[in-house]
Amino acid sequence: MAAEISAAHTDGVVLVAVLKGSVPFMADMVRSMTVVPVIDFMAISAYAADTGRVRIVKDLDLDIMGRDVVLVEDIVDTGLTLHYLLAELGRRQPRSLEACTLLDRTSRRIIPTPVEYRGFEIGDEYVLGYGLDYAQRYRNLDRVVVGDLTVLRDDPDAYVASLHPR
Ligand code: IMP
């Protein structure tokens with residue numbers, strides 16, 4: 001994806017990582033890019049469960065008007081987050097606006113959202129590690145692992161240790 005984004009944006013690009021899950025992915029990706037990206041961060045928070053309504057809790061520092069922008073996500077699930085962010089950033093009149101995600105679970109999509117750069121398609125299984133959390137923890141695992149939510153709820157530390165022995 002770093003090569004693809006670099007090839008598509010030879011004039012440079014603004015990468016916007018969506019906090020917090022996409023941080024390890026973004027960090028690895030920028031180190032493989034052949035153009036010099038500018039990076040920025042955004043954080044949103046859901047304020048009503050399952051309504052898809054979210055609010056910005058950390059906004060960009062940069063003005064993206066007239067810039068080529070790629071949003072960097074860890075995982076796109078229902079698409080509600082990405083849909084909201086693309087609409088929000090689109091209003092700021094970037095020259096182009098694309099989305100990149102490490103993981104895509106298209107089977108659960110509620111809102112169709114364009115994803116130009118996709119790492120891996122996954123099924124309906126919970127994933128954690130490499131930025132992805134379970135209850136804000138385990139983002140530090142050095143790879144993505146599949147976890148059974150019923151077992152995770154029980155004794156997360158023991159279960160994660162068994163999934164990801166160090
Ligand atoms: P969406 O708005 O439903 O597309 O959800 C996207 C967000 O939900 C991601 O950025 C993650 O923070 C979170 N998420 C969705 N599925 C998982 C998962 O399997 N593990 C960890 N986080 C997830």
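All ligand and atom numbering here is 1-based and tracks the order in the structure. The first residue in the sequence is number 1, and the count goes up from there.
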Polar-atom distance check: Val76 versus ligand 1, any N or O pair below 3.5 Å?
no

For Gly79, is at least one N or O under 3.5 Å away from an N or O on ligand 1?
yes

Can Asp157 and Arg137 be counted as an ion pair, charged N to O under 4.0 angstrom?
yes

Donor on one side chain, acceptor on other, Asn140 and Tyr130, under 3.5 Å
no

Applying a heavy-atom cut-off of 4.0 Å, say which part of Arg105 lies close to ligand 1: side chain, backbone, both or neither.
side chain

How close does the nearest protein non-hydrogen atom get to atom 1 (P) of ligand 1, and which residue and atom is it?
Thr78 OG1, 3.3 Å

Given Glu73 and Thr81, is the side chain to side chain donor-acceptor pair (under 3.5 Å) satisfied, shown in steps?
CA-CA 9 Å; Glu73 266 283 20; Thr81 307; 5.0 Å; no

Tell me: protein heavy atom nearest atom 8 (O) of ligand 1, and distance?
Ile75 CG2, 4.7 Å

Residues Leu141 and Gly129: closest non-hydrogen pair is CB-CA, 3.6 Å

Hydrogens and angles aside, do Ser107 and Asp124 bring a side-chain donor and acceptor to less than 3.5 Å of each other?
no

Distance under 4.0 Å to a non-hydrogen atom of Asp133: what atoms of ligand 1 satisfy this?
21 (C)

Of all the non-hydrogen atoms in the protein, which one sits nearest to atom 20 (N) of ligand 1, and at what distance?
Val127 O, 2.6 Å

min-distance protein heavy atom vs atom 2 (O) of ligand 1 -> Thr81 OG1, 2.4 Å

Atoms of ligand 1 under 4.0 Å from any heavy atom of Leu132, numbered from 1 in the order shown, are 21 (C), 22 (N)

Protein heavy-atom partner closest to atom 10 (O) of ligand 1 - residue, atom, separation in Å:
Asp74 OD1, 2.8 Å

So does Asp11 pair up with Arg95, basic N to acidic O under 4.0 Å?
yes

Any side-chain donor paired with an acceptor under 3.5 Å for Thr150 and Asp148?
yes

